[in-house]
Colleague: 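Here it is: the structure, laid out below.
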Amino acid sequence: MAAETPSPSAGAEDAAEAAAEILRLLTGRGETLGVAESLTGGLVAAEMSEAPGASRVFRGSVTAYATELKHEVLGVDGALLAARGAVDADVALQMAAGVRKLLGADWGLATTGVAGPDPQDGKPVGTVYVAVAGPGSPLRSEGNVAALRLNGNRTEIRRESVRSVLGLLLRQLSGERAGNGRAQDTEQNGGT
């Protein structure tokens, strides 16, 4: 029997379920969430604000599509952006930490990557970094980043990025480690 490919609606349900569970967990903890997005262009914020009760937890979002906005608005190190470009694990972590600070949230999520159709900053289409920054000490030890190599068209890459960043936060909040079935060469970087 051939393996089934998840339908777009199944993925949307996964993201909606993750968002609802994140809201439930954060509400129970009395904590809040802010989102910084690049390649997803507001899709993570839309997913979070769609869930009932979002206003108790979700503070807002910043869609910093242009590289200079990652520096000017979110506080990502300009030298880092110049050296590595916007599609980078450390950039994702700094975006998550920056939106957390900017919006006064307990937790920050971030997405950055290449949805296509063309490569960016020398990175191929499907290269994505999603990050979570939460309560804690210095940036590296307070955050968690996943490096993803996703397949599919632009829409599929963006949707999977949403599911991945929500899943990353959900696993961190619930203390679980789980794999991402559609991502290839996934690497978890919790600190160095």
Side-chain angles (χ1 to χ4, degrees), residues 3 5-12 14-15 18 34-48 61-100 102 108-133 139-140 143-169 171-172 178-192:
T5 303
S7 69
S9 62
D14 292 344
V35 175
E37 300 185 66
S38 187
L39 86 146
T40 50
L43 294 174
V44 177
E47 199 66 61
M48 290 307 304
S61 67
V62 173
T63 301
Y65 216 68
T67 299
E68 66 271 12
L69 292 180
K70 291 171 181 67
H71 171 67
E72 295 168 5
V73 176
L74 296 172
V76 175
D77 185 312
L80 173 64
L81 288 166
R84 298 190 204 163
V87 182
D88 179 80
D90 288 325
V91 169
L93 278 171
Q94 288 189 19
M95 288 173 64
V99 79
R100 207 179 139 221
L102 181 69
L109 293 182
T111 63
T112 188
V114 186
D118 300 314
Q120 177 185 336
D121 296 334
K123 307 284 183 8
V125 172
T127 303
V128 175
Y129 296 94
V130 295
V132 174
L139 179 63
R140 264 304 198 178
N144 191 6
V145 63
L148 309 174
R149 180 71 180 107
L150 303 175
N151 295 316
N153 64 32
R154 182 175 172 80
T155 299
E156 291 166 335
I157 290 168
R158 293 174 76 219
R159 293 282 179 202
E160 185 59 26
S161 298
V162 172
R163 286 189 290 273
S164 295
V165 77
L166 293 176
L168 186 63
L169 176 58
R171 286 189 300 276
Q172 192 156 338
N180 181 328
R182 292 189 58 198
Q184 295 181 345
D185 301 326
T186 302
E187 179 182 312
Q188 298 287 331
N189 298 311
T192 49

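All values derive from a computational prediction rather than experimental measurement.
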Colleague: Measure the OG1-CD distance between Thr67 and Glu72 for me, rounded to the nearest 0.5 Å.
Modeller: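 Separation between the atoms: 10.5 Å.
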Colleague: Identify, with sequence neighbours excluded, every residue that meets side-chain contact (heavy atoms from CB on, under 4.5 Å) alongside Ala46.
Modeller: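 With neighbours one apart ignored, the set is empty.
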Colleague: Just jot down the side chain to side chain donor-acceptor pair (under 3.5 Å) partners of Ser161, sequence neighbours excluded, or say none.
Modeller: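 Counting only residues at least two positions away or on another chain, Ser161 forms no side chain to side chain donor-acceptor pair (under 3.5 Å).
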Colleague: Can any side-chain N or O of Arg158 pair as donor or acceptor with the backbone N or O of Thr40 at less than 3.5 Å?
Modeller: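 Yes: the side chain of Arg158 pairs with the backbone of Thr40.
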Colleague: Indicate the atoms forming the closest heavy-atom contact of Met95 with Ala110, along with that distance.
Modeller: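 Minimum heavy-atom contact is CB-CB, 3.6 Å.
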Colleague: Say whether, by atom type as modelled, one donor and one acceptor occur between the side chain of Glu156 and the main chain of Asn153 under 3.5 angstrom.
Modeller: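 Side chain of Glu156 to backbone of Asn153: a pair is present.
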Colleague: Would you say the side-chain atoms of His71 pair up with the backbone N or O of Asp77, donor to acceptor, closer than 3.5 Å?
Modeller: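 Pair absent, no side-chain N/O of His71 close to backbone of Asp77.
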Colleague: Might you point out which heavy atoms bring Tyr65 and Leu39 nearest each other, and give the distance in Å?
Modeller: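 Closest heavy-atom pair between Tyr65 and Leu39: CE1-CA, 4.0 Å.
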Colleague: For Val62, what residues pass the side-chain contact (heavy atoms from CB on, under 4.5 Å) criterion, not counting sequence neighbours?
Modeller: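 Counting only residues at least two positions away or on another chain, Val62 forms a side-chain contact (heavy atoms from CB on, under 4.5 Å) with Ala64, Val73, Leu74, Val99, Leu102.
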Colleague: Looking only at heavy atoms, what is the nearest atom pair of Gly85 and Val91, with distance?
Modeller: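 Result for this residue pair: O-CG2, 3.5 Å.
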Colleague: Please enumerate all residues that pass side chain to side chain donor-acceptor pair (under 3.5 Å) together with Ser38, with sequence neighbours excluded.
Modeller: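 With neighbours one apart ignored, the set is Lys70.
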Colleague: Say you draw a straight line from OG of Ser61 to CG of Leu43; how long is it, rounded to the nearest 0.5 Å?
Modeller: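 So the gap between those two atoms works out to 10.5 Å.
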Colleague: Return all side-chain donor-acceptor pairs below 3.5 angstrom for residues 114-126, not counting sequence neighbours, or 'none' if the list is empty.
Modeller:
{"residue": "Asp121", "atom": "OD2", "partner": "Ala86", "partner atom": "N", "Å": "2.9"}
{"residue": "Lys123", "atom": "NZ", "partner": "Val87", "partner atom": "O", "Å": "2.7"}

Colleague: CD/Gln172 to CG/Asn144 distance, rounded to the nearest 0.5 angstrom?
Modeller: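 Reported value, rounded in 0.5 Å steps: 5.0 Å.
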Colleague: Can you check whether Val44 reaches Leu166 side chain to side chain, under 4.5 Å on heavy atoms?
Modeller: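 Val44 vs Leu166: side chains touch.
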Colleague: Do you know which two heavy atoms are closest between Val35 and Ala45, and how far apart they sit?
Modeller: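 Heavy-atom minimum between the residues: CG1-N, 4.5 Å.
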Colleague: Could you work out, with salt bridge (Lys or Arg N to Asp or Glu O under 4.0 Å) as the rule, every residue matching Arg84, not counting sequence neighbours?
Modeller: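 Salt bridge (Lys or Arg N to Asp or Glu O under 4.0 Å) list for Arg84, sorted by chain: Asp88, Asp90.
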Colleague: Are Val128 and Thr111 close enough that some pair of their side-chain heavy atoms sits under 4.5 Å apart?
Modeller: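 No, their side chains stay 4.5 Å or more apart.
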Colleague: Shortest non-hydrogen contact from Thr63 to Gly41?
Modeller: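 Smallest heavy-atom distance, with atoms named: CG2-CA, 3.7 Å.
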Colleague: Could you tell me whether the side chain of Arg149 reaches within less than 4.5 Å of the side chain of Thr127, counting heavy atoms only?
Modeller: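 Yes. Closest side-chain heavy atoms under 4.5 Å.
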Colleague: Grab the two heavy atoms, one from Ile157 and one from Gly152, that are nearest each other, plus how far apart they are.
Modeller: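 That would be CD1-O, 3.5 Å.
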